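Quantities reported herein were computed from a predicted structural model and do not represent experimental measurements. By convention here, the first residue in the shown sequence is residue 1.
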Amino acid sequence: QVQLVESGGGLVQAGGSLRLSCAASGGIVSIDTMGWYRQAPGNQRELVAAIARGGSTNYADSVKGRFTISRDNAKNTVYLQMNSLKDEDTAVYYCNAQGVKQVFLYRKSDYWGQGTQVTVSS
C-alpha cells in the first residue's frame, strides 16, 4: 500500500531552521496535491502549506514568508523548508498526499504520514 514517511523533525532554537521531507511510495503514478499539516497539543490540525503537481502553492498566514514548500514529482517527495522558527511552530507535522493515483487502479486516494515532531525552544 501507499506509505508516506516524514523525516527531518527535531529540536531547534527559535530563529533557527529545519527542513522536513516526506517521501511517498507504493506503486504511485502521480499525486495531485501534497502538503504539510501540523497539530499542537489541544489544538486542531491545521494546514501549513500545500503544493499542487503543477507547482502552485498555498500557505497559512502564520508561516507565509518563513516557510517554503516544494516537491519533486519524479521522486514523489515533498519538502518544507522552515526558517525563522518561533515557539508557536512547535507541533507534530503531518505529511498529506491528495489524489494519489496508483498503478493498475482507476481510483485516486488520500494518505497521511505518521507525523514528525518539531520542537522550537526559546
Side-chain angles (χ1 to χ4, degrees):
Q1 293 290 332
V2 170
Q3 296 184 52
L4 304 182
V5 180
E6 301 105 332
S7 62
L11 177 65
V12 65
Q13 295 181 354
S17 299
L18 282 175
R19 183 167 63 184
L20 305 183
S21 299
C22 172
S25 62
I28 296 171
V29 176
S30 63
I31 302 171
D32 290 341
T33 302
M34 302 188 77
W36 291 94
Y37 292 71
R38 67 186 181 188
Q39 187 168 20
N43 293 349
Q44 295 182 337
R45 186 174 298 186
E46 64 176 356
L47 174 69
V48 178
I51 181 168
R53 181 171 178 82
S56 61
T57 58
N58 185 42
Y59 295 93
D61 290 340
S62 60
V63 307
K64 191 175 181 64
R66 299 187 297 120
F67 292 7
T68 302
I69 190 169
S70 61
R71 65 187 284 176
D72 186 332
N73 292 333
K75 297 180 179 179
N76 292 318
T77 300
V78 64
Y79 308 92
L80 185 67
Q81 179 66 47
M82 303 185 292
N83 298 326
S84 302
L85 283 161
K86 305 175 180 179
D87 290 348
E88 53 261 42
D89 295 319
T90 295
V92 177
Y93 284 70
Y94 296 91
C95 180
N96 172 258
Q98 297 180 351
V100 180
K101 176 67 171 67
Q102 299 180 67
V103 65
F104 305 133
L105 298 179
Y106 293 110
R107 70 186 182 189
K108 290 183 177 180
S109 301
D110 301 339
Y111 297 92
W112 290 92
Q114 290 287 79
T116 184
Q117 177 71 49
V118 172
T119 302
V120 183
S121 62
S122 59

Using side-chain heavy atoms (C-beta onward) and a distance below 4.5 Å, is [X] in contact with [Y]?
X    : Y    : answer
E6   : L20  : no
R53  : D32  : no
T90  : Q117 : yes
F104 : V29  : no
I69  : R71  : no
L18  : M82  : yes

E46 atom CD: more than 12 heavy-atom contacts under 6.0 Å: yes

Would you say Q39 has more than 12 foreign heavy atoms packed within less than 6.0 Å of its CD? yes

Report the distance from atom [atom1] of [X] to atom [atom2] of [Y], rounding to the nearest 0.5 Å.
X    : Y   : atom1 : atom2 : answer
S30  : N73 : OG    : CG    : 9.0 Å
I28  : N76 : CD1   : CG    : 4.5 Å
S122 : Q13 : OG    : CD    : 10.0 Å
Q81  : R19 : CD    : CZ    : 6.0 Å
R38  : R45 : CZ    : CZ    : 13.0 Å

Give every residue pair that meets the ring-ring contact (aromatic ring centres under 6.0 Å, His included) criterion with at least one member in residues 16-65, sequence neighbours excluded. Y37-W112

What is the minimum heavy-atom distance between D87 and A14, and which atoms define it? OD1-CB, 4.2 Å

Is there a continuous path of hydrophobic side-chain contacts, each under 4.5 Å between heavy atoms, that joins Y111 to V48? yes

